[in-house]
**Student:** 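Sending over a structure as structure tokens; questions will come in a sec.
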Amino acid sequence: MTEIKRFAVIGHPIAHSLSPRIHAFFSKQRRIPLEYSAIDATPEQFEAALEAFTAGGGDGVNITLPHKVRAAELCNELTERARRCGAANTLIRQDHGWLGDNTDGLGLVRDLTDRHGQDLRGRKVLLIGAGGAARGVAPALLDAGIKSLYIVNRTPSRTDALADALGEPARVHPRNFEDLRRLGGFDLVINATSAAREAALPFLPSSLIAPRGDAVDLSYGEVAIPFLAWARAAGGDVVIDGLGMLVEQAAEAFLRWHGVRPDTTAVYEELRASHALLTTAD
Ligand code: NAP
């Protein structure tokens, strides 16, 4: 009898995570039996939680907020894109430890281009945040051909660290929140902070959204509402939450673990139906 492979997502908090549901859906669709659990671990508990899952024979792990940077440090090896990000969201079991990958950036770019028909080439982009998610999406946006990437973050040292890691001074511009009024409009504004979780979305001038500019909040559910409401009021054209990105990054992780890419449309539509209020684009 084939042994059922074991997977998990580790984060804190984790109760909101849709990843178990998405991977169960993919597993059924592709007829690949698997077990996928959600493990709640604070930063202090993270290393022990990963060790316990490894010792128990776990085959793959998704990493979510706030552990992606620490997870990359704990891997034996990193893919090129995870190394550039300095953050891992997908761990693949190897003989002697974990191979860390990062599928967030590809997930966002796929959602924007394939699902929402956006052309990212030549765009002036503002990235708000410099945590694990921002690190994941920044290299993929540059690879997709954007013209410039401005980054702001509450802790400026992290803005600078991310800009340095990206290593493209001609296209990447670290800035402060105080500069936002002077930067003009952006073709795409991305909220990659978890600020709304503590009801603390930073003040953003409406001038940030250029005419026909778009906006994405990487989060989904209730925490995405304040930014999406701001973006719509500021005149955003395509205004979307992170649900599509979530499904696409999960599909990419599934491909890395099982060697087969699931179809994402059905699970996206099912999840969208239960999060109906959160996008003006579909
Ligand atoms: P993280 O590593 O903990 O980073 C959090 C970011 O939010 C940092 O830039 C932090 O700034 C900023 N922040 C937190 N509280 C703030 C506040 N009160 N005011 C201003 N900035 C604040 O988390 P993450 O992994 O990057 O996740 C960020 C968001 O993206 C989460 O909502 C997560 O659910 C979402 N996400 C979605 C997907 C998807 O597939 N859709 C994937 C990844 C993440 P400091 O550096 O100053 O602390």
Side-chain angles (χ1 to χ4, degrees), residues 9-19 21-23 38 41-43 46 62-73 82 85-90 101-112 115-116 126-138 140-141 151-163 165 174-178 180 190-204 215-228 230 240-254 264 267-268 271-272 275 278-279:
V9 56
I10 308 181
H12 183 74
I14 201 66
H16 68 284
S17 176
L18 295 175
S19 293
R21 200 164 142 193
I22 295 171
H23 281 274
T42 64
F46 174 63
N62 280 139
I63 306 292
T64 187
L65 173 139
H67 305 311
K68 292 179 188 179
V69 173
R70 182 70 188 128
E73 292 165 357
C85 301
N89 79 333
T90 301
D101 195 3
N102 195 312
T103 65
D104 278 343
L106 198 60
L108 175 64
V109 169
R110 275 233 167 88
D111 185 50
L112 286 169
R115 183 169 290 112
H116 296 291
L126 174 65
L127 180 61
I128 306 167
R135 282 177 166 271
V137 302
L141 291 165
I151 309 171
V152 293
N153 188 50
R154 177 179 61 179
T155 308
S157 58
R158 294 181 89 189
T159 317
D160 295 337
L162 173 53
R175 291 289 185 270
N176 295 313
F177 277 104
E178 300 78 66
L180 287 180
I190 301 171
N191 179 28
T193 76
S194 52
R197 286 172 195 270
E198 34 191 273
L201 187 69
F203 171 75
L204 302 170
V216 187
D217 193 318
L218 300 193
S219 60
Y220 51 87
E222 287 193 349
V223 287
I225 292 174
F227 177 79
L228 298 183
W230 168 82
I240 56 174
D241 66 7
L243 195 61
M245 168 182 168
L246 179 79
V247 172
E248 295 304 326
Q249 65 76 29
E252 200 58 30
F254 193 90
T264 54
V267 69
Y268 172 77
L271 293 174
R272 177 56 69 203
H275 291 74
L278 295 175
T279 176

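Just follow the structure's listing: the first ligand is 1, and inside any ligand the first atom is 1.
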**Student:** Under 4.0 Å from any heavy atom of Gly129, which atoms of ligand 1 are there?
**Tutor:**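 Every atom of ligand 1 under 4.0 Å from some heavy atom of Gly129: 9 (O).
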
**Student:** What protein heavy atom sits nearest atom 29 (C) of ligand 1, and how far off is it?
**Tutor:**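 For atom 29 (C) of ligand 1, the nearest protein heavy atom comes out as Thr193 O, 3.6 Å.
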
**Student:** Of the protein's non-hydrogen atoms, which lies at the shortest distance from atom 40 (O) of ligand 1, and what is that distance?
**Tutor:**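 Here the closest protein heavy atom is Leu246 CA, 3.2 Å.
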
**Student:** Any heavy-atom pair between the side chains of Val9 and His23 that's under 4.5 Å?
**Tutor:**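 A side-chain contact under 4.5 Å is absent here.
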
**Student:** Go through ligand 1 atom by atom and flag the ones less than 4.0 Å from a non-hydrogen atom of Ser219.
**Tutor:**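 Counting from 1, the qualifying ligand atoms are 32 (O).
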
**Student:** Polar contacts were defined as any N/O atom of the residue lying under 3.5 Å from an N/O atom of the ligand; does this apply to Tyr220 and ligand 1?
**Tutor:**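 No; every N/O pair is 3.5 Å or more apart.
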
**Student:** List ligand 1 atoms under 4.0 Å from Gln249, heavy atoms only on the residue side.
**Tutor:**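 Near Gln249, the atoms of ligand 1 are 40 (O).
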
**Student:** Measure the spacing between CD1 of Ile151 and CD1 of Ile128 and express it to the nearest 0.5 Å.
**Tutor:**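 Rounded to the nearest 0.5 Å, the CD1-CD1 separation comes to 12.0 Å.
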
**Student:** Which residue and non-hydrogen atom of the protein lie closest to atom 17 (C) of ligand 1, and at what distance in Å?
**Tutor:**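 The closest one turns out to be Arg154 NH1, 3.3 Å.
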
**Student:** Pair Thr264, Arg110 - check side-chain contact (heavy atoms from CB on, under 4.5 Å), show working.
**Tutor:** CA-CA 11 Å; Thr264 54; Arg110 275 233 167 88; over 6 Å; no

**Student:** Considering only non-hydrogen protein atoms, determine which one is nearest to atom 9 (O) of ligand 1 and report residue, atom name and distance to 0.1 Å.
**Tutor:**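 So the nearest neighbour among protein heavy atoms is Asn153 OD1, 2.7 Å.
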
**Student:** Measuring from Thr90:OG1 to Lys68:NZ, what's the distance to the nearest 0.5 Å?
**Tutor:**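 If I round to the nearest 0.5 Å, the distance is 8.5 Å.
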
**Student:** Determine the interplanar angle of the Tyr220 and His16 rings, folded into 0 to 90°, and report it as parallel if under 30°, tilted if 30 to 60°, perpendicular if over 60°.
**Tutor:**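 The arrangement is tilted - the two ring planes meet at 30° to 60°.
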
**Student:** Between ligand 1 and Ser194, is the shortest N or O to N or O distance under 3.5 Å?
**Tutor:**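 Yes; the residue has a nitrogen or oxygen that sits under 3.5 Å from a nitrogen or oxygen of the ligand.
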
**Student:** Pairs of nitrogen or oxygen atoms closer than 3.5 Å, one from Leu243 and one from ligand 1: do any exist?
**Tutor:**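 No, no N or O pair falls under 3.5 Å.
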
**Student:** Counting N and O atoms only, with roles assigned by atom type, does the side chain of Asp104 sit under 3.5 Å from a partner on the main chain of Val137, one being a donor and the other an acceptor?
**Tutor:**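 Not confirmed, Asp104 side chain does not pair with Val137 backbone.
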
**Student:** Nearest protein heavy-atom contact for atom 33 (C) of ligand 1: which residue, which atom, what distance?
**Tutor:**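 Checking every protein heavy atom, the shortest distance to atom 33 (C) of ligand 1 gives Arg197 NH2, 3.7 Å.
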
**Student:** Please list, in number order, the atoms of ligand 1 under 4.0 Å from a heavy atom of Gly131.
**Tutor:**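 Those of ligand 1 that fall under 4.0 Å from Gly131 are 2 (O), 4 (O), 8 (C), 9 (O), 26 (O).
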
**Student:** Say whether Ala192 and ligand 1 are in contact under the criterion: heavy-atom distance to a ligand atom below 4.0 Å.
**Tutor:**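 The answer is yes, since Ala192 has a heavy atom less than 4.0 Å from ligand 1.
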
**Student:** Would you tell me which option among Pro43, Ala133, Pro66 has the nearest heavy-atom contact to atom 24 (P) of ligand 1?
**Tutor:**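 Ranked by closest heavy atom to atom 24 (P) of ligand 1, first place is Ala133.
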
**Student:** Mind checking what makes ring pair (Phe, Tyr, Trp, His ring centres under 6.0 Å) contact with Phe227, not counting sequence neighbours?
**Tutor:**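 Per chain and number, Phe227 pairs via ring pair (Phe, Tyr, Trp, His ring centres under 6.0 Å) with Trp230.
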
**Student:** Nearest protein heavy-atom contact for atom 23 (O) of ligand 1: which residue, which atom, what distance?
**Tutor:**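 That would be Leu65 CD1, 3.2 Å.
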
**Student:** Can you tell me how far CD of Gln249 sits from OG1 of Thr103, rounded to the nearest 0.5 angstrom?
**Tutor:**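 Reported value, rounded in 0.5 Å steps: 4.5 Å.
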
**Student:** Judged by atom type as modelled, is there a donor-acceptor pair below 3.5 Å linking the side chain of Arg175 to the main-chain atoms of Val152?
**Tutor:**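 The answer is no, because no donor-acceptor pair under 3.5 Å joins these two groups.
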
**Student:** What's the separation between atom CG in Asn62 and atom CD1 in Ile22, rounded to the nearest 0.5 Å?
**Tutor:**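 These two atoms lie 9.5 Å from each other.
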
**Student:** According to salt bridge (Lys or Arg N to Asp or Glu O under 4.0 Å), who are the partners of Arg70, at least two apart in sequence or on a separate chain?
**Tutor:**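 Arg70 satisfies salt bridge (Lys or Arg N to Asp or Glu O under 4.0 Å) with Glu47, Glu73 only.
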
**Student:** I want to know if ligand 1 touches Arg158 in the polar sense, i.e. an N/O pair below 3.5 angstrom.
**Tutor:**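 Yes; the residue has a nitrogen or oxygen that sits under 3.5 Å from a nitrogen or oxygen of the ligand.
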
**Student:** Contact between ligand 1 and Asp104 is defined here as a heavy atom of the residue under 4.0 Å from a ligand atom; is it met?
**Tutor:**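 The answer is yes, since Asp104 has a heavy atom less than 4.0 Å from ligand 1.
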
**Student:** Distance under 4.0 Å to a non-hydrogen atom of Ala200: what atoms of ligand 1 satisfy this?
**Tutor:**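 Listed by number with element, the hits are 18 (N), 19 (N).
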
**Student:** Any nitrogen or oxygen of Leu218, main chain or side chain, under 3.5 Å from a nitrogen or oxygen of ligand 1?
**Tutor:**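 Yes - when backbone and side-chain N and O of Leu218 are compared with those of ligand 1, one distance drops under 3.5 Å.
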
**Student:** Which atoms from ligand 1 have a heavy atom of Lys68 less than 4.0 Å away?
**Tutor:**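 Taking each heavy atom of Lys68 in turn, ligand 1 has 42 (C), 43 (C), 44 (C) under 4.0 Å.
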
**Student:** Identify, for atom 1 (P) of ligand 1, the protein heavy atom at the shortest distance, and state residue, atom and that distance.
**Tutor:**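 Looking only at protein heavy atoms, the one closest to atom 1 (P) of ligand 1 is Gly132 N, 4.0 Å.
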
**Student:** Quick check: do Arg21 and Leu271 have side-chain heavy atoms less than 4.5 Å from each other?
**Tutor:**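 In contact.
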
**Student:** Can you list the steps and then say if Ile190 with Leu141 is a side-chain contact (heavy atoms from CB on, under 4.5 Å)?
**Tutor:** CA-CA 11 Å; Ile190 301 171; Leu141 291 165; 3.6 Å; yes

**Student:** Who's the nearest protein heavy-atom neighbour of atom 47 (O) of ligand 1, and how far?
**Tutor:**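 The closest heavy atom on the protein side is Thr155 OG1, 2.5 Å.
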
**Student:** Is Ala130 in polar range of ligand 1, meaning some N or O pair under 3.5 Å apart?
**Tutor:**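 Yes - when backbone and side-chain N and O of Ala130 are compared with those of ligand 1, one distance drops under 3.5 Å.
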
**Student:** Say whether, by atom type as modelled, one donor and one acceptor occur between the side chain of Asp241 and the main chain of Ala224 under 3.5 angstrom.
**Tutor:**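 No.
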
